[in-house]
Amino acid sequence: MKPTAPAPCVLVVFGASGDLTRRKIIPALFDLFQRGQTPRGLAVLGVSRTEMSDDDFRQHLREWAERFATRFTEDGWARFARTIYYCAADATEPEAFEQISSDIDRASAEQDSGSNILFYLSVAPQLYERIIECINQSGLVTEGKRWCSINRDAAPWQRIIVEKPFGVDLRSAQSLNRALGRAFEEESIYRIDHYLGKELVQNLLVLRFANTIFEPLWNRRYIRDVQITAAEKVGVESRGAFYDHAGALRDMIQSHLMQVLALVAMEPPGRYADTHIRREKIKVTDCIRVVTPDEAPLRCAFGQYGSGPGGPGAYREGKGVAPDSTTETFAAIRLDIDNWRWSGVPFFLRTGKAMARKLTEVVLTFREPPIDLFTPICEGEPECVRRPPNRLIINIQPDEGISLRFEGKVPGAMRIDSIKLDFDYLARFGGEPIEAYGPLLLDAMRGDQTLFKHRDEVEGAWSAVMPFLDPGLRRGIAGNYPPGSWGPRESEDLLARSGCAWHNPSDEETR
Ligand SMILES: NC(=O)c1ccc[n+]([C@@H]2O[C@H](COP(=O)([O-])OP(=O)(O)OC[C@H]3O[C@@H](n4cnc5c(N)ncnc54)[C@H](OP(=O)(O)O)[C@@H]3O)[C@@H](O)[C@H]2O)c1
C-alpha cells in the first residue's frame with residue numbers, strides 16, 4: 001500500500017489541559033509542522049473544562065512545546081499556534097456539544113480544514129464511554145456505514161483515537177468496544193499504542209519479510225523460546241496513584257508487549273496494508289492459549305520492588321500507593337501459541353520498574369544443533385562446555401539495533417567461542433529519534449490503521465491475560481526484589497521450568 005497524504009482535518013483533543021496533550025501530543029504535532037509534514041488545513045481544537053481563551057491555551061502549550069519539541073523556534077511556534085483553538089466544555093454533557101460543534105466550524109473555517117474530524121480521547125479512561133456517547137448523540141459523526149456509502153472517498157470522515165488503557169479487564173474492554181461501535185465503524189477507530197510507533201517495531205516487519213534468511217528459521221523447528229522484555233530503571237515516580245490501580249500486567253503486558261508478540265509471531269501478510277497486517281495479528285491473538293486457573297501459578301511471576309541502595313524507595317512507601325498494596329511492579333508470564341508455526345515454543349513476556357537497566361528487547365533463542373560434534377574434542381580441558389545456542393536480539397530501545405550470536409573457531413587448537421554480528425540502527429541510518437505520537441497522528445489523518453489495534457486484538461489480549469489477574473497470584477510479593485535487579489527469583493524459576501534462562505545483559509553490553 002502506497003502511503004497516502006494525511007488529509008486536512010480538525011483534530012479535537014478532549015483533555016486539552018492535561019499532561020498527555022502538553023507533553024506529547026502538541027510537541028509531536030509541532031515537530032511534524034516544523035518538518036512540513038502536517039497537512040495544510042490542519043486545525044487543533046482543545047477541549048477541557050478549565051476556562052481559557054484561545055490565546056491562554058496557546059500560551060500554556062508554548063512552554064511545553066519549548067521543553068519537549070525537538071525543533072522549537074519562535075517563528076515556527078507563532079505560525080503553528082495560529083492553528084490552535086480552545087473550547088471550555090464538559091465533554092460528558094450532551095449540551096456542551098453545541099459549543100464544541102460551533103468551535104469545530106470556527107476552526108475549520110479559519111484554517112480551511114473541510115469537514116474531516118479526528119477526535120482524540122486524552123481524558124481519564126472512565127470518561128471514554130460517556131464522551132463517545134455524547135459524540136454519537138451530537139450528530140457530528142455523519143460518515144455512515146461503509147456498505148451503504150455511495151462514494152466513500154468523496155465524503156468527509158470522522159475518526160477517533162482512543163488512548164490506553166483500553167479497559168481494565170475483558171468485560172470493560174468489550175463494553176468500551178461496544179460503545180465505540182455504536183458511534184463509529186471499526187475502520188474509523190484508532191486504538192493507539194505508542195509503542196508501535198517505535199521505528200524498530202516496524203523494522204521487525206522489514207527484518208522478517210524483506211529478507212529470506214530469517215523466515216525459514218522463524219518457527220518451532222528452529223526456535224526454542226522467545227523472550228520479550230520491557231524494563232525500566234526508574235520506579236513509578238509520580239504515577240503511584242494511577243499505577244496502584246493498574247500494575248505491570250495491565251500497564252505494559254496486556255497492551256504493548258502483546259502487540260510486539262503479535263508482530264513477532266504473525267504469518268507473512270499478503271500485502272503491506274493495514275487490513276492485511278491486522279488480520280494476521282488477530283490470528284495470532286486468537287491462537288494464544290487461555291490457561292486455566294490451576295495452570296496460571298506455574299506460568300507467571302510477580303514482584304514488587306522493595307527499598308535498596310540507589311533505588312527510588314520501596315514501592316509501598318511511594319506517593320499515592322496503598323501501604324498494604326499488592327500491586328505488582330514486576331510481571332513475567334509464559335504464553336503459548338497453539339498453531340502450526342509455534343506449538344511448543346514458550347513466549348515469555350516480562351516487564352518491571354526499578355530494574356537493572358532500561359531496556360526493551362525481543363530475544364529469540366534457537367535450538368541447539370542436534371548433535372554436539374565439538375565438546376568431545378576438548379573433553380578434560382578447562383572451559384570445555386557445550387556452547388550456547390544461537391540467539392537473535394532485537395533491541396527496541398534504547399540503542400536500537402539487532403545482534404546475532406553464533407559460534408566461531410578460535411585460531412589455533414580446536415576451541416570455539418561466541419561471536420556477535422551487531423547492527424546499530426542509528427549508526428547505520430543516522431537520523432534523530434522521532435517521538436512516536438507524531439507518526440501515529442499522521443497515520444490516523446491518512447487513514448492507515450497498521451499500527452493501531454483492532455477490536456479483536458484488544459479483546460484477545462485481554463482473554464489471554466485474564467487468568468493472571470487473580471489477586472491470589474500476588475500474595476506476599478511486597479519487597480520481593482531489590483531495585484536495580486532483574487526481578488524476583490520466581491521469575492528465573494518460571495523460565496527454568498522450561499529449561500530456559502532470561503537474557504539479562506550487563507551494563508556494558510548494548511545487546
Ligand atoms: N500522560 C501520559 O504520558 C499518558 C501516556 C499514555 C496514556 N495516557 C492516557 O491519556 C489519558 C489522559 O492522560 P493525562 O495524563 O493527560 O491525564 P490528565 O493530566 O489528568 O488530564 C486529563 C484531562 O482531562 C480533562 N477533563 C477531565 N474531565 C473532563 C470533562 N468532563 N470534559 C472535558 N475534559 C475533561 C482535564 O481538564 P479539566 O480539568 O480542565 O477539564 C485534563 O485536561 C488517560 O487515559 C491516560 O491513561 C497518558
Side-chain angles (χ1 to χ4, degrees), residues 11-29 44-54 56-58 60-61 64 67-68 84-101 103-104 119-135 137-138 140 160-168 172-173 176 179-180 190-198 230 232 234 236-248 250-257 259 320 351 353 435-438 440-441 444 451-453 458:
L11 170 65
V12 181
V13 184
F14 295 103
S17 60
D19 180 67
L20 186 68
T21 306
R22 62 180 173 241
R23 258 187 339 108
K24 299 280 184 187
I25 300 173
I26 295 296
L29 262 184
V44 181
L45 174 67
V47 181
S48 48
R49 293 164 307 173
T50 307
E51 286 296 336
M52 277 189 274
S53 66
D54 289 343
D56 293 340
F57 185 48
R58 291 167 183 160
H60 159 76
L61 295 176
W64 294 89
R67 276 174 63 187
F68 288 99
I84 299 179
Y85 300 82
Y86 185 74
C87 171
D90 182 339
T92 61
E93 298 291 341
E95 308 79 58
F97 275 75
E98 237 175 78
Q99 185 59 47
I100 295 171
S101 300
D103 281 331
I104 291 174
F119 298 103
Y120 197 129
L121 288 185
S122 175
V123 291
Q126 38 309 358
L127 303 183
Y128 289 174
E129 287 196 30
R130 187 80 195 106
I131 295 178
I132 294 162
E133 189 56 46
C134 290
I135 295 174
Q137 284 178 28
S138 72
L140 281 167
I160 185 164
I161 300 179
V162 188
E163 258 302 333
K164 73 164 244 195
F166 199 95
V168 294
S172 53
L176 180 52
L180 281 163
Y190 290 71
R191 298 172 190 83
I192 199 163
D193 185 336
H194 61 275
Y195 246 67
L196 295 189
K198 301 268 188 248
E232 290 278 350
V234 294
V236 296
E237 298 180 308
S238 57
R239 294 173 71 222
F242 158 77
Y243 196 89
D244 211 34
H245 294 288
R250 285 189 172 96
D251 191 41
M252 290 297 296
I253 292 187
Q254 185 280 332
S255 48
H256 307 312
L257 299 197
Q259 282 293 304
T351 185
K353 299 275 186 195
E435 168 57 64
Y437 276 91
L440 289 173
L441 280 162
L451 296 171
F452 296 86
K453 293 184 265 192
V458 172

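Ligands are counted one by one from 1 in listed order, and the atoms in each one are counted from 1 as well. All heavy atoms count here, side chains included; hydrogens, waters and symmetry mates do not. Note that the structure is a prediction, hence the values are computed from the model and not measured.
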Would a 4.0 Å cut-off, counted as strictly less than, catch a protein heavy atom around atom 20 (O) of ligand 1? no
| said: Any side-chain to backbone donor/acceptor pair from Y128 onto E163? Under 3.5 Å, distance only. | reply: yes
Quick note on ligand 1: atoms under 4.0 Å from a heavy atom of T50 include exactly 38 (P), 40 (O)
Per-atom filter on ligand 1: closer than 4.0 angstrom to a heavy atom of A89 are 32 (N), 33 (C)
Going by the 4.0 angstrom heavy-atom rule, the piece of R49 near ligand 1 is both
**Request:** For E93 and ligand 1, answer yes if some heavy atom of the residue is under 4.0 Å from a ligand atom, otherwise no.
**Result:** no
- Query: Less than 3.5 Å between some nitrogen or oxygen of L127 and one of ligand 1, yes or no?
  - Reply: no
* To do: Consider ligand 1: state whether an atom of it lies below 4.0 angstrom from any non-hydrogen atom of Y128.
  => yes
Between D90 and ligand 1, is there a nitrogen or oxygen pair with a distance under 3.5 Å? yes
Quick look: L121 vs ligand 1, heavy-atom contacts under 4.0 Å, and the answer is neither
Atoms of ligand 1 under 4.0 Å from any heavy atom of P165, numbered from 1 in the order shown, are 47 (O)
R23 meets the salt bridge (charged side-chain N to carboxylate O under 4.0 Å, His left out) criterion, sequence neighbours left out, with D19
Closest to atom 45 (O) of ligand 1 among protein heavy atoms sits V123 O, 2.8 Å
Sorted by chain and residue number, the ring-ring contact (aromatic ring centres under 6.0 Å, His included) partners of Y85 (sequence neighbours excluded) come out as none
Of V47, D19, V13, the residue with the heavy atom nearest atom 2 (C) of ligand 1 is D19
In this structure, does ligand 1 have an atom that sits under 4.0 Å from one of the heavy atoms of K164?
yes
| request: Run the contact test for A88 against ligand 1 with a 4.0 Å cut-off on heavy atoms, strictly below, and give the result. | output: no
Under 4.0 Å from one or more heavy atoms of R23, ligand 1 contributes atoms 1 (N), 2 (C), 3 (O)
Per-atom filter on ligand 1: closer than 4.0 angstrom to a heavy atom of S17 are 36 (C), 37 (O), 38 (P), 40 (O), 42 (C), 43 (O)
### Query
What class does the angle between the rings of Y437 and H194 fall in, given that below 30° is parallel, 30 to 60° is tilted and above 60° is perpendicular?
parallel
